[in-house]
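Beneath this line is the structure, given in structure tokens, with notes to follow.
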Amino acid sequence: MSKRIVTVFGGSGFIGRHVVRRLAQEGAQVRVAVRDPETANYLRLMGGVGQIVPVPTDISDTASVANALVGADQAVNLVGILFEARKQRFQSVHTDAAARIADASQTAGLRQLVHVSALGADTKSDSLYAQTKGLGEAAVKRAFPEATILRPSIVFGPEDGFF
């Protein structure tokens, strides 16, 4: 039996590094879809030789997202921002990228997609953050109806960016 391949979008972030480590411990081949693979090389040490591989991925580009999913069995979307800066906008990250990842996951025939959203995600919220998280969830459900959507509250711990 071949190893399951899991693509983790946002795998170099605070939650991502823990997800990547856990998947590697479970024996998965982990593909970490990140903007800059060089900054994610530290993740390689969490698994066996060649088990964890950072791959360059532009979440605003359909072909790039699809490429990160080639041959994968499962995907996890952990991409998110807490505030807007430069080109990083809530709509493009929380909604558009979530839709792109879900569409590509469905097209690639993945058996599972886990999408991490946020507590309070609501398309009718006064908060743009919560609105775009809610719109992202809706887009994921449209594209990949069987997706698992998680809504954590504030996540913090050693090495987080919260404190």
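Keep in mind the model is a prediction, meaning the values are calculated, not measured.
Across every non-hydrogen atom of Val20 and Gly11, the tightest pair is CG2-O, 3.8 Å. Contact between Val34 and Pro54 at its shortest, heavy atoms only, is CG2-CB, 4.4 Å. Closest heavy-atom contact between Ala98 and Asn77: CA-ND2, 3.8 Å. The two residues Val79 and Gly10 make their nearest non-hydrogen contact at CG2-N, 3.7 Å. Closest heavy-atom contact between Ala130 and Gly120: CB-O, 3.4 Å. Summarising the geometry of Glu84 relative to Leu128, their closest heavy-atom pair is OE2-CD2, 4.0 Å, with the distance given to 0.1 Å.
Counting only heavy atoms from C-beta outward, the side chains of Arg4 and Arg111 approach each other to under 4.5 Å. Contact of the Phe9 side chain with the Val116 side chain is not registered, since no non-hydrogen atoms from C-beta on lie closer than 4.5 Å. Side-chain contact between Pro145 and Gln106 is present, with heavy atoms from C-beta onward closer than 4.5 Å. Using a 4.5 Å heavy-atom cutoff, the side chains of Leu23 and Gln74 are not in contact.
In this structure, Phe83 is a member of the same hydrophobic cluster as Ile59, with clusters built from ILVMFWY side-chain heavy atoms closer than 4.5 Å. The cluster map of Ile, Leu, Val, Met, Phe, Trp and Tyr, joined by side-chain heavy atoms under 4.5 Å apart, puts Val53 and Ile5 in different clusters. Connection of Leu150 to Ile15 is established within a shared hydrophobic cluster, with ILVMFWY side chains joined at heavy-atom distances below 4.5 Å, either directly or through further cluster members. Under the 4.5 Å side-chain contact rule for hydrophobic residues, Val140 and Leu119 do not share a cluster. No continuous path of ILVMFWY side-chain contacts below 4.5 Å connects Leu135 to Phe144, so the two sit in separate hydrophobic clusters.
Rounded to the nearest 0.5 angstrom, Leu78 CG and Ile101 CD1 are separated by 9.0 Å. Taking OG1 from Thr107 and CG from Leu69, the interatomic distance works out to 9.5 Å, rounded to the nearest 0.5 Å. Atom CG in Leu110 sits 7.5 Å away from atom CG in Leu113 (nearest 0.5 Å). Distance OG1/Thr123 to NZ/Lys133: 15.0 Å, rounded to 0.5 Å. To the nearest 0.5 Å, the span separating OG1 on Thr148 from NE2 on His115 amounts to 11.5 Å. Taking CG of Leu82 as the reference point, atom CD1 of Ile154 lies at 9.0 Å (rounded to 0.5 Å).
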Where do Gln131 and Phe90 land on the side chain to side chain contact (heavy atoms under 4.5 Å, CB included) test, with the steps shown first?
CA-CA 9 Å; Gln131 279 178 28; Phe90 290 137; over 6 Å; no

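Judged by distance alone, the side chain of Arg31 and the main-chain N or O of Val70 form a donor-acceptor pair under 3.5 Å. Looking only at distances, no side-chain donor or acceptor of His94 sits under 3.5 Å from a matching main-chain atom of Gly80. A donor-acceptor contact shorter than 3.5 Å links the side chain of Thr57 to the backbone of Val55. Without hydrogens or angle criteria, Arg17 side chain to Leu43 main chain gives no donor-acceptor distance under 3.5 Å. Judged by distance alone, with hydrogens and angles left aside, the side-chain atoms of Arg151 form a donor-acceptor pair with the main-chain N or O of Ala121 at under 3.5 Å. For Ser64 (side chain) and Asp61 (main-chain N/O), no donor-acceptor pair under 3.5 Å exists by modelled atom type. One N or O on the side chain of Thr7 and one on the backbone of Ala68 form a donor-acceptor pair closer than 3.5 Å. Judged purely by atom type and a 3.5 angstrom limit, Gln51 has no side-chain atom pairing as donor or acceptor with the backbone of Gln29. Of the possible polar contacts, none joining the Asp122 side chain to the Gly134 backbone as a donor-acceptor pair under 3.5 Å is found.
Using a 4.0 Å cut-off between charged nitrogen and carboxylate oxygen, Lys141 and Glu137 do not count as a salt-bridge pair.
Note on ring orientation: taking the six-membered ring where Trp is involved, the planes of His18 and Phe14 are perpendicular (angle over 60°, cut-offs 30° and 60°).
Residues satisfying the side-chain contact (heavy atoms from CB on, under 4.5 Å) test with Asp96, not counting sequence neighbours, are Gln91, Ser92, Arg100.
Within a 6.0 Å radius of CZ in Arg89, other residues, nucleotides and ligands contribute more than 12 heavy atoms.
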